[in-house]
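Atom set for the values below is all heavy atoms of this structure, side chains included, hydrogens, waters and symmetry mates excluded. Residue numbering restarts at 1 for every chain, and letters A, B, ... go by the order of the sequence lines.
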Amino acid sequence: MINEEEQKEKFPAADPHGQREGKEEAAEKEAAENGHLQKPQGAGRGEETLQRTAGQQSEAEAEGSGDRSQVSQARQPRQPGAKAPRGPHASLWPFVLALAIALACLGVVTHPAVLVGGAVLIVVAVVGWGLERY
Amino acid sequence: MATSTIVERPALVRQKRFSETYVGQWLTTTDHKKIGIMYMVTAFFFFVVGGLEALLIRTQLALPDGKVLDPQTYNEIFTMHGTTMIFLFVMPMFTGLGNYVVPLMIGARDMAFPRLNAFGYWIVLFGGLFLQSSFLFHAAPDSGWFAYAPLTECGVQGVNCIPATPSINMDFWALGVLLLGISSIAGALNFVVTIFKLRAPGMTINRMPLFVWMTLVTSFLLLFALPSLTAASGLLLLDRHLGTHFYQAAFNGDPLLWQHLFWSFGHPEVYILILPAFGIVSEVLPVFSRKPIFGYTFVAWSGVAIGFLSFTVWAHHMFAVGLPVVAQAFFATSTTLIAIPTAVKIFNWLATIYGGKLSFKTPMLFALGFVAMFLIGGLNGVALAIVPFDYQVTDSYFVIAHLHYVLFGGAVFAIFSAIFYWFPKMTGKLLNERLGQVQFWLMLIGVNVTFFPMHILGLLGMPRRIYTYAPDLGWNELNLLETVGAFIIAVAILVFLFNFVTSLRQGQPAGSDPWDAFTLEWDTASPPEPYNFKTIPVVRSRRPFYDKKNPETADWKVAVH
């Protein structure tokens with residue numbers, strides 16, 4: 001773990017002028033409120049993105065990537081109790097709705113029964129998508 | 001002695017949800033990276049389909065009096081070739097690249113509307129299958145990719161189509177295009193909201209990567225241009241099935257209405273197909289020249305200028321229909337005008353590589369190939385803007401040469417540049433460099449052998465879409481040469497497929513940043529974690545990852561951004 005002074009020297013603070021731009025700060029705050037920005041507790045600004053631990057370094061070296069930064073954020077060890085951010089939930093309904101619309105179009109050019117089947121499936125998909133709980 | 005009984009409790013094994021199975025993961029995914037990959041794989045599949053159709057066309061035309069295909073099948077093949085390449089290859093491929101890369105480049109965790117994003121992909125897949133399924137019904141669209149009414153009004157049945165029942169060939173086209181339009185609108189909307197709302201702190205509009213800029217402009221073009229095509233297709237369907245006469249002169253309709261509606265979509269469409277390519281080249285050239293892009297602001301805003309101007313040029317496709325002279329002058333001028341922002345980009349790219357430490361890796365080769373080929377396509381496009389010249393070569397092979405230099409020499413070269421550039425990020429493996437270079441040179445030779453002679457054939461009077469030709473017209477050798485060129489391109493694509501499969505299995509590990517690149521997508525693992533960034537990065541300049549790797553010479557220290 002590099003100490004604070006060393007880190008300041010190696011990775012200058014995010015704001016070179018010693019004060020944060022109000023706009024950025026507001027954007028960051030907004031992102032945090034929306035759950036887009038998650039800082040480990042106790043980490044200073046920029047620290048969590050720029051810190052490099054010995055473990056990480058050896059991991060990156062082991063990859064033999066020739067990557068000069070070797071500070072991939074996704075590879076950082078998790079803080080105890082910290083949860084990895086979650087991506088959006090999976091859903092089958094977009095697939096079903098697209099299939100239904102294509103089926104309805106096929107019905108237009110082939111047989112009305114296929115059109116009706118497609119239309120029913122569209123209704124089912126729209127309702128299913130709307131009622132899906134996460 | 002005490003005895004004890006061990007009671008075995010049944011292990012608590014949770015049943016796997018469908019979305020956790022391998023198939024289910026792909027069918028239900030809303031992760032922009034997986035969706036991006038699905039877009040790209042699907043688009044490449046349709047590229048192969050469209051390519052096979054191109055080979056059939058070239059085989060038919062290789063020799064005079066060709067009989068490889070019958071005339072009806074030939075019409076279907078060239079219609080589906082154009083439709084497939086434009087709507088099912090280039091557009092979805094750029095959407096796929098954008099899906100994968102844009103959120104990473106702007107420091108976002110996903111697209112703004114992940115389910116809408118998934119829906120957009122599935123509708124492309126099913127729309128594409130719907131269009132291609134027309135072959136199974138022996139009813140593939142057969143009136144050319146721009147489906148001129150009133151040719152498309154009746155199919156094979158009769159002149160006025162009333163009360164004849166039209167064949168379903170063009171129904172497949174109109175409905176298929178509507179389906180693909182839904183996808184494009186969904187995708188464009190998603191990109192606009194994502195780019196405006198989900199950028200990392202500090203990433204102002206003027207710090208966005210140029211690929212993001214071009215994706216944004218393209219998305220606006222889609223949102224404003226597609227309604228015109230949707231309206232045109234809707235009216236066509238009404239004419240065909242409900243007895244209206246929007247496009248039939250015999251019933252006081254106007255056939256030119258179709259052309260106006262179609263081309264007011266169709267010309268912005270050309271820029272929809274090429275602006276993301278500009279974005280890719282603007283990312284690749286600086287990295288492999290070890291310099292920041294020259295004239296960032298000009299490159300970005302010239303893209304915006306092209307976007308605006310692209311809505312003012314549509315009637316240059318219609319000079320030969322007898323437009324008023326004032327209209328011809330206007331559209332000739334606006335078409336020439338659009339060359340200015342395009343030239344701005346080209347000069348900025350040249351200035352970027354000038355004095356740089358050039359590294360001729362495959363992505364760079366394709367990007368340079370793009371600049372050269374697109375320049376030829378742009379210059380003969382300016383020639384076509386000159387009305388008297390256009391009269392001479394309209395609907396001839398000269399036009400085919402122009403559009404293929406733009407779309408194949410331009411868009412396809414940029415796509416391969418992007419694939420070689422971002423493949424390591426997507427898979428963690430490098431594509432084989434030697435095979436990549438072989439592919440590049442084969443493609444460069446193939447493209448020029450195939451498409452350059454088309455200029456001459458056009459000037460000699462060979463019409464586009466001609467089924468066959470007599471042996472005494474002086475077209476024989478050039479047509480044979482073009483066919484040879486087409487097969488050289490096919491070999492290049494086979495080399496790529498071999499490279500893709502072998503590299504995926506046993507490619508060299510790429511690490512997270514194999515090109516020593518500048519932008520945020522390289523600041524993630526390869527492939528990135530599902531959530532992209534554990535912490536959202538803070539951006540201070542146009543090259544945030546460069547800054548991070550080179551704190552002493554960070555852009556925000558030495559340059560005004």
Side-chain angles (χ1 to χ4, degrees), chain A residues 9-12 14-16 21 23-28 30-31 36-40 43 45-46 48-50 60 63-76 78 82 84-99 101-103 105-106 108-110 129 132, chain B residues 18-19 24-25 27-31 108-110 114-119 121-123 125-127 129-130 133 137 139 168 171-172 175-176 178-179 182 198 200-202 509-514 516 523-525 528-538 540 545 548-549 551 554 556-557:
Chain A
E9 193 185 330
K10 214 168 181 183
F11 306 112
D15 189 351
E21 289 174 30
K23 198 175 167 187
E24 279 179 20
E25 198 170 8
E28 204 173 320
E30 189 188 337
H36 294 309
L37 183 65
Q38 298 185 6
K39 276 188 181 178
R45 177 188 167 82
E48 73 280 9
T49 59
L50 300 172
E63 281 179 1
S65 62
D67 167 14
R68 286 161 56 197
S69 76
Q70 302 174 337
V71 287
S72 173
Q73 293 151 351
R75 300 232 176 226
Q76 287 183 352
R78 288 187 194 148
R86 287 199 61 167
H89 290 269
S91 174
L92 190 61
W93 293 116
F95 169 83
V96 178
L97 182 59
L99 178 66
I101 294 173
L103 207 59
C105 285
L106 194 63
V108 171
V109 290
T110 55
W129 190 333
E132 193 169 26
Chain B
F18 175 65
S19 61
Q25 274 180 10
L27 287 182
T28 64
T29 187
T30 49
D31 177 356
R109 291 243 158 83
D110 207 300
R115 287 172 204 84
L116 185 66
N117 199 21
F119 172 70
Y121 164 69
W122 291 114
I123 206 91
L125 177 67
F126 292 125
L129 293 177
F130 171 79
S133 73
F137 295 91
I168 58 174
D171 291 331
F172 270 109
L175 288 167
L178 279 174
L179 280 176
I182 294 170
L198 297 187
S512 61
D513 180 26
D516 193 11
D523 194 12
T524 60
E529 300 285 353
Y531 44 82
N532 297 348
F533 303 92
K534 184 154 190 271
T535 51
I536 301 295
V538 176
R540 304 210 53 78
F545 192 42
K548 190 168 166 179
K549 292 184 290 185
W556 56 262
K557 279 187 174 175

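Across B:I168 and A:V109, no two heavy atoms sit closer than the pair CD1-O, 3.7 Å. Of all heavy-atom pairs spanning B:S133 and A:L106, the tightest one is OG-CD1, 4.1 Å. In plain terms, the two heavy atoms of B:L179 and A:A102 that are nearest each other are CD1-CA, 4.2 Å. Considering all non-hydrogen atoms of both residues, B:T30 and A:P88 come closest at OG1-O, 3.4 Å.
Neither the backbone nor the side chain of B:L125 comes within contact range of chain A, judged by heavy atoms closer than 4.5 Å. At a 4.5 Å heavy-atom cutoff, B:Y121 makes no contact with chain A through either its backbone or its side chain. Neither the backbone nor the side chain of A:W93 has a heavy atom closer than 4.5 Å to any heavy atom of chain B.
In this structure, OG1 in B:T29 is found 13.5 Å from CZ in A:F95, a value given to the nearest 0.5 Å. Here B:I123 contributes atom CD1 and A:L99 contributes atom CG; the two are 9.0 Å apart, rounded to the nearest 0.5 Å. Residue A:I101 holds its CD1 atom at 5.0 Å from CD1 of B:I182, rounded to the nearest 0.5 Å.
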> Going through the distances and angles, do B:W122 and A:L97 end up as a side-chain contact (heavy atoms from CB on, under 4.5 Å)?
Replying inline: CA-CA 9 Å; B:W122 291 114; A:L97 182 59; over 6 Å; no
